[in-house]
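To start, the structure under review is shown below, and the notes come after it.
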Amino acid sequence: MIIYDIENLTKIYAGQTEAANRDITLQIEQGEIFGLLGDNGAGKSTLVKQMVNLVTPTAGEIRLMERPFRTLRDPYFIPMHVGYMPQDGLAFNSLTVAEAFYFTAHLRGLTRHDALAERDRLLALWQLEPLRERVPGKLSGGQRRLLQIAAAMAGSPPILILDEPTNHLDPQRRQQVWQILRQMNREQGTTIIFITHDALEAEKIIQRVGIMRAGSLVALGKPSELKRQVDNQLRLELFFSPAAPPALPSHLTPLELDAGRWLVYLGKEDVAAALHLLELSQVDDFRLHSATLEDLYLHFANGQEV
Amino acid sequence: MERSVARKRPSLLTQLVDLTLIQLSNWRWSWRRMITTGMVAPVISLVALGLFARSSGPEALAYVFSGNIVLGLMFENLGKVSSNFSFMKAMGTLHYFATLPVHRYVLVLATVISFFIMSLPSTLLTIWIGHIILDVPLALHPLLLAVIPLVAIPLAALGALIGASARTPEEAGTITTLLIFTLTGLGPVVIPPSLLPEVMVWIGRFSPVTYAASALRQTLLGPVTEQLGWDMLVLGGVAVLSGWLVSRRMEWRQV
């Protein structure tokens with residue numbers, strides 16, 4: 001079932017001449033994990049704000065479960081189905097962490113008893129129990145981000161839209177976020193749509209990706225499909241002591257990424273030979289991989305060759 | 001994590017109660033200002049003006065007394081609600097509320113109610129301190145229970161209108177400060193009409209604060225006249241109009 005059906009969506013903010021985003025057409029299926037990548041100012045946040053009806057489109061149409069926003073008369077339809085996490089970290093004003101979870105869940109339609117249970121579940125799930133009585137102003141940037149993600153999930157809305165959920169988080173917390181999102185998607189069938197700059201880590205959970213550049217959607221599809229569009233080459237990364245570079249077959253030319261770090265592009269047919277000839281005692285480590293989501297992002301968002 | 005939770009749309013009453021409780025959490029930052037602007041400032045003004053008013057007779061003392069209570073209510077309701085709305089707008093709180101199943105009219109009402117509740121302690125203390133310092137005899141009328149919210153709520157609604165319309169919290173702060181002193185100074189609020197130029201008395205007819213001071217004076221000190229009915233009517237009208245305007249103007253969605 002199609003959850004979001006976006007057609008030729010364009011937004012020009014009042015007083016601006018440039019479109020924040022233009023002519024975006026996109027469909028998102030129920031239960032999908034959809035990632036939105038792009039540089040700052042590419043129009044991603046505007047797009048997700050349009051998807052939660054915080055920004056009115058200048059042209060085009062959005063349908064949520066076949067109901068067009070433009071003619072939607074029920075003000076509760078979108079909020080009852082979509083949990084949204086904005087970028088702003090101080091949105092909860094003077095509420096403590098525990099209060100923010102309780103009130104969000106209660107206003108999303110849970111009974112008082114269920115909302116209290118939901119509050120405790122979220123505090124435990126996100127390991128925020130020690131911070132339950134803190135107000136957002138007394139939290140670190142990372143803690144605030146977890147509060148926002150958890151509050152967006154309060155009441156288990158069937159769709160989650162998250163604007164940069166892993167910003168300000170340390171690697172361990174980032175892992176936790178991706179793990180919980182994947183679990184929600186698997187066990188509850190939650191449709192998850194998120195913006196991220198963390199392409200390498202997001203790759204672990206993204207099922208389909210949209211890449212935006214200067215307000216337009218320049219790529220859309222499964223990462224594996226997009227990778228095929230970019231190239232079929234594999235990447236061999238070599239890590240070694242700068243004083244003693246390894247020997248490579250003569251027809252391979254390495255790109256020096258850093259002192260002691262080379263990147264070699266290989267055709268599939270070259271892999272066996274290259275690994276056979278590589279003197280493992282000359283390298284500290286090596287990695288062989290296909291194009292990553294970050295490579296796709298750099299290719300489509302910046303027009304860079306990868 | 002597998003779970004199924006029954007959800008139903010929150011009723012208007014649930015929205016009002018929850019949003020009022022959420023807004024009451026603002027006491028965490030507002031209590032310091034409640035002491036300074038809601039109590040200390042009106043009491044200092046009351047003492048200073050009271051020194052001069054004593055020689056002008058009981059009418060002048062009554063105006064100083066009621067006028068300064070209105071001043072405190074203005075700081076606590078108009079000022080703080082304006083501050084809160086401009087802050088909510090700047091910090092994304094309005095967007096947070098807009099993505100929940102709540103009605104914006106209910107948010108405005110809940111904000112007005114919660115800041116009124118938070119202004120009550122300082123208002124009651126100012127009345128008691130003013131009564132002691134100025135030695136004015138209180139003749140409390142039961143309608144005072146209706147008059148205090150009727151004075152506070154239109155001021156809060158005006159504050160919401162300013163906060164929701166201002167571009168930044170700084171702009172909202174400047175406008176409200178200017179408005180508080182202008183409304184207090186123009187018209188017979190702190191100073192009796194007999195001591196004011198006629199033009200200021202005339203201008204005062206267009207200020208809700210004049211009616212607020214008049215209603216408070218009658219229900220705190222007596223006598224209650226038919227003017228109280230007009231005062232309450234004007235205050236009620238301003239409350240409804242401001243509430244309607246703010247819910248129209250509030251940047252719930254970006255167009």
Side-chain angles (χ1 to χ4, degrees), chain A residues 11 13-14 46 49-50 52-56 58 74-96 99-100 102-112 114-115 117-118 121 125 135-137 148 151-152 155-157 161 180 183-184 186-188, chain B residues 1-31 80 83-107 110-111 114-115 118 167 169 247 251-255:
Chain A
K11 177 66 191 176
Y13 286 107
T46 297
K49 282 181 183 168
Q50 287 168 311
V52 286
N53 208 20
L54 283 177
V55 169
T56 315
T58 309
D74 177 1
Y76 300 152
F77 182 73
I78 302 166
M80 285 299 285
H81 287 92
V82 186
Y84 169 64
M85 188 206 93
Q87 272 189 53
D88 315 296
L90 288 167
F92 297 106
N93 211 353
S94 301
L95 291 179
T96 64
E99 288 167 349
Y102 167 76
F103 283 117
T104 307
H106 197 229
L107 285 171
R108 285 217 179 105
L110 267 60
T111 62
R112 188 177 138 70
D114 286 347
E118 179 73 340
R121 183 186 76 86
L125 179 68
V135 290
Q148 287 175 278
S156 299
I161 297 186
I180 291 174
Q183 203 177 345
M184 279 185 74
R186 194 174 53 233
E187 294 175 359
Q188 297 171 36
Chain B
M1 200 188 269
E2 203 159 354
R3 48 199 299 281
S4 157
V5 186
R7 297 196 294 143
K8 61 173 190 168
R9 293 162 182 234
S11 66
L12 285 177
L13 183 64
T14 301
Q15 291 177 40
L16 183 65
V17 171
D18 276 13
L19 291 172
T20 303
L21 290 171
I22 289 173
Q23 289 297 59
L24 277 173
S25 73
N26 283 296
W27 70 268
R28 291 183 173 121
W29 62 265
S30 69
W31 68 270
K80 284 209 187 122
S83 213
N84 184 247
F85 264 92
S86 57
F87 181 83
M88 289 201 293
K89 199 169 140 184
M91 293 294 137
T93 313
L94 285 184
H95 279 173
Y96 162 64
F97 287 128
T99 56
L100 291 177
V102 297
H103 210 290
R104 60 181 167 175
Y105 298 98
V106 182
L107 175 64
T111 307
S114 58
F115 277 90
M118 287 188 280
R167 281 169 297 184
S247 51
E251 195 188 89
W252 199 246
R253 293 197 172 82
Q254 210 165 347
V255 181

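What's counted below: heavy atoms across the whole structure, side chains too, no hydrogens, waters or symmetry copies. Letters A, B, ... are given to chains in the order of the sequence lines, protein chains preceding strands, and every chain is numbered from 1.
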query: Rounded to the nearest 0.5 Å, how far apart are CG of L107(A) and CZ of F97(B)?
result: 8.0 Å

Which of A90(B), S11(B), G92(B), S25(B) touches chain A most, by non-hydrogen pairs under 4.5 Å: S25(B)

field: Max heavy-atom pair count under 4.5 Å with chain A, selected residue of D18(B), L21(B), T14(B), N84(B)
entry: D18(B)

- request: Start with the C-alpha gap between L95(A) and I22(B), add the side-chain angles, then the distance that decides, and say whether side-chain contact (heavy atoms from CB on, under 4.5 Å) holds.
  value: CA-CA 7 Å; L95(A) 291 179; I22(B) 289 173; 4.0 Å; yes

- request: Sort L19(B) into side chain, backbone, both or neither according to what part of it lies under 4.5 angstrom from a heavy atom of chain A.
  value: side chain

task: Go through the atoms of R28(B) and report whether side chain, backbone, both or neither lie under 4.5 Å from a heavy atom of chain A.
output: side chain

Residue [X] versus chain B: region with a heavy atom under 4.5 Å:
| X | value |
| --- | --- |
| T104(A) | both |
| A100(A) | backbone |
| V82(A) | backbone |

- prompt: Is the backbone N or O of R7(B) less than 3.5 Å from a side-chain atom of R108(A), with the two atoms forming a donor-acceptor pair by type?
  reply: no

message: Minimum heavy-atom separation for P79(A) and L100(B), please, with both atom names.
response: CB-C, 3.3 Å

- prompt: For F87(B), what residues pass the ring pair (Phe, Tyr, Trp, His ring centres under 6.0 Å) criterion, not counting sequence neighbours?
  reply: none

field: Note, H106(A) side chain near V17(B) side chain (heavy atom, < 4.5 Å)
entry: no

- prompt: What do the steps show when you test F92(A) against M91(B) for side-chain contact (heavy atoms from CB on, under 4.5 Å), and what is the final call?
  reply: CA-CA 9 Å; F92(A) 297 106; M91(B) 293 294 137; over 6 Å; no

